[in-house]
There are 2 protein chains.
Amino acid sequence: MQNSEAMALSAALLAVAGGLTQRINEGVIARGFEGVRPAHGFAFARLAPDGATVTDLAAHLGVTKQAASQLVDEMVRKGYAERRPHPEDARARLVVLTGRGWACTRAAEEAAAEAVREWGDVLGEREVRALGEQLLRIAPRGPIRPAW
Amino acid sequence: MQNSEAMALSAALLAVAGGLTQRINEGVIARGFEGVRPAHGFAFARLAPDGATVTDLAAHLGVTKQAASQLVDEMVRKGYAERRPHPEDARARLVVLTGRGWACTRAAEEAAAEAVREWGDVLGEREVRALGEQLLRIAPRGPIRPAW
DNA sequence: CTCGATGGTCAAGCTGCTTGACCATATAGT
DNA sequence: ACTATATGGTCAAGCAGCTTGACCATCGAG
């Protein structure tokens with residue numbers, strides 16, 4: 001494969017990723033969750049299962065813990081998360097989603113499903129499913145980093 | 001397809017996109033082009049064929065023309081681009097890549113090819129090619145937007 | 001029961017973007 | 001030809017989100 005083809009593939013991937021991010025963000029806002037930015041989505045994803053500490057979150061997002069703490073401040077202020085004392089470590093605080101936070105997470109899933117359904121209209125559901133499996137196999141581990 | 005599956009697909013796509021961006025950026029820097037940020041890559045892509053005006057660039061990147069102008073300032077300062085008088089419009093200036101700018105573009109293509117080759121090791125070249133075609137078919141038009 | 005490591009916050013500063021104002025040139029209307 | 005409006009571009013100020021640096025509280029190994 002020539003370099004220029006690899007670049008075209010990369011550009012298409014990044015364009016799809018950018019468009020998807022925008023679609024999800026707009027979909028979430030359209031469902032009544034104001035003041036939400038794409039960066040919050042990745043925080044939600046990390047907090048959803050059982051909550052997480054600020055330091056965990058920072059590592060997951062690939063930013064400093066100060067930045068993660070500010071993000072949590074904002075999510076708390078907007079009613080999506082709350083800080084609780086950590087059950088096993090008095091230094092730490094466990095950040096967990098509120099009911100509104102869970103609702104916002106579901107809204108994001110709905111918006112994502114909407115976008116993915118449109119891909120299905122173009123490619124067929126079978127190909128979309130295959131696409132998902134392939135992407136999972138080449139997805140890097142480590143912190144989630146902004147695409148640019 | 002369930003919403004949670006669509007979300008998993010989306011997360012994988014964004015993770016791949018973020019990792020790819022980082023790989024390309026690091027690859028470009030490793031090839032001796034310092035002070036280059038991912039955002040520059042999309043500017044290079046727009047400038048490469050025949051140059052572009054600041055306003056074109058702004059529309060392509062989805063930012064204000066002031067922001068695009070600052071980006072061009074930076075690229076000029078670092079030797080990647082230069083401003084020329086526009087041949088057909090005395091108001092406008094045509095921003096074109098310098099030799100160093102072209103070299104940097106080729107370095108980005110090499111870095112992208114490197115990353116894509118690793119995908120080929122995992123998925124097989126046939127699937128990677130199919131992936132590229134599918135992504136092209138679902139890629140949105142309009143300005144390139146950061147993935148988050 | 002110290003003492004280095006770790007979780008967290010406060011404060012200050014930087015960078016890349018935005019909005020607002022403005023000038024120069026192009027283009028359409030009369 | 002002449003004004004009026006639109007368009008390309010820049011300057012300036014402000015803001016949001018991140019960083020670095022300093023610091024305190026608590027943990028856990030010796």
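Hydrogens, waters and symmetry mates are skipped; everything else that's a heavy atom, side chains included, is used. Convention: sequence-line order gives letters A, B, ...; per-chain numbering from 1.
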| request: Using whole Å, report how far CZ of B:Arg93 lies from C1' of D:dT7. | output: 16 Å
| query | Expressed in angstrom and rounded to an integer, what is the separation of B:Leu94 atom CG from D:dT7 atom P? | reply | 20 Å
| Is the distance from OP1 or OP2 of C:dG8 to the nearest side-chain N or O of A:Thr55 less than 4.0 Å? | yes
| said: So, does A:Arg83 get its side chain near the phosphate of C:dT9, meaning an N or O under 4.0 Å from OP1 or OP2? | reply: yes
| task | Over 60° means perpendicular and under 30° means parallel, so classify the ring planes of A:Phe44 and A:Tyr80, tilted if in between. | result | perpendicular
| remark: Its contact letters, B for base, S for sugar-phosphate only and - for none at protein heavy atoms under 4.0 Å, make nucleotides 25-30 of chain D read BBS---
| Among C:dG7, C:dG16, C:dC17, the nucleotide that comes nearest once only the side chain of B:Arg37 is considered | C:dG16
| field | Between C1' of D:dA16 and CD of A:Gln66, the distance in whole Å | value | 17 Å
| said: Any side-chain to backbone donor/acceptor pair from A:Ser69 onto A:Lys65? Under 3.5 Å, distance only. | reply: no
| note | From NZ of A:Lys78 across to P of D:dA16 the rounded distance in Å is 10 Å
| field | For atom NZ of A:Lys65 and atom P of D:dC23, their distance in whole Å | value | 15 Å
| query | Could you state the CG-P distance from B:Asp56 to D:dT7, rounded to the nearest angstrom? | reply | 14 Å
| task | Could you please spell out the steps behind the side chain to side chain contact (heavy atoms under 4.5 Å, CB included) verdict for A:Leu61 and A:Leu71? | result | CA-CA 11 Å; A:Leu61 298 177; A:Leu71 197 69; 3.8 Å; yes
| remark: A:Gln70 atom CD is separated from D:dT20 atom C1', nearest whole Å, by 12 Å
| Presence of B:Thr53 side-chain N/O under 4.0 Å of D:dG8 phosphate oxygens OP1/OP2 | no
| task | Indicate whether OP1 or OP2 belonging to C:dC17 is found under 4.0 Å from a side-chain N or O atom of B:Thr64. | result | no
| message | Measuring from atom CZ of A:Phe33 to atom CZ of A:Arg100, what distance do you get when rounded to the nearest 0.5 angstrom? | response | 5.5 Å
| remark: Closest non-hydrogen atoms of A:Gly35 and A:Glu74, given as atom of the first, atom of the second and distance, are O-OE2, 4.1 Å
| said: Considering every strand and a 4.0 Å limit on heavy-atom distances, what is the contact class for B:Ala67: base, sugar-phosphate, or nothing? | reply: base
| Whether A:Arg129 side chain and A:Glu125 backbone form a donor-acceptor pair below 3.5 Å | no
| Atom-to-atom span, CE of A:Met75 to C1' of D:dG17 - whole angstrom | 15 Å
| Heavy-atom donor-acceptor pair, A:Arg46 side chain to A:Ala52 backbone, under 3.5 Å | no
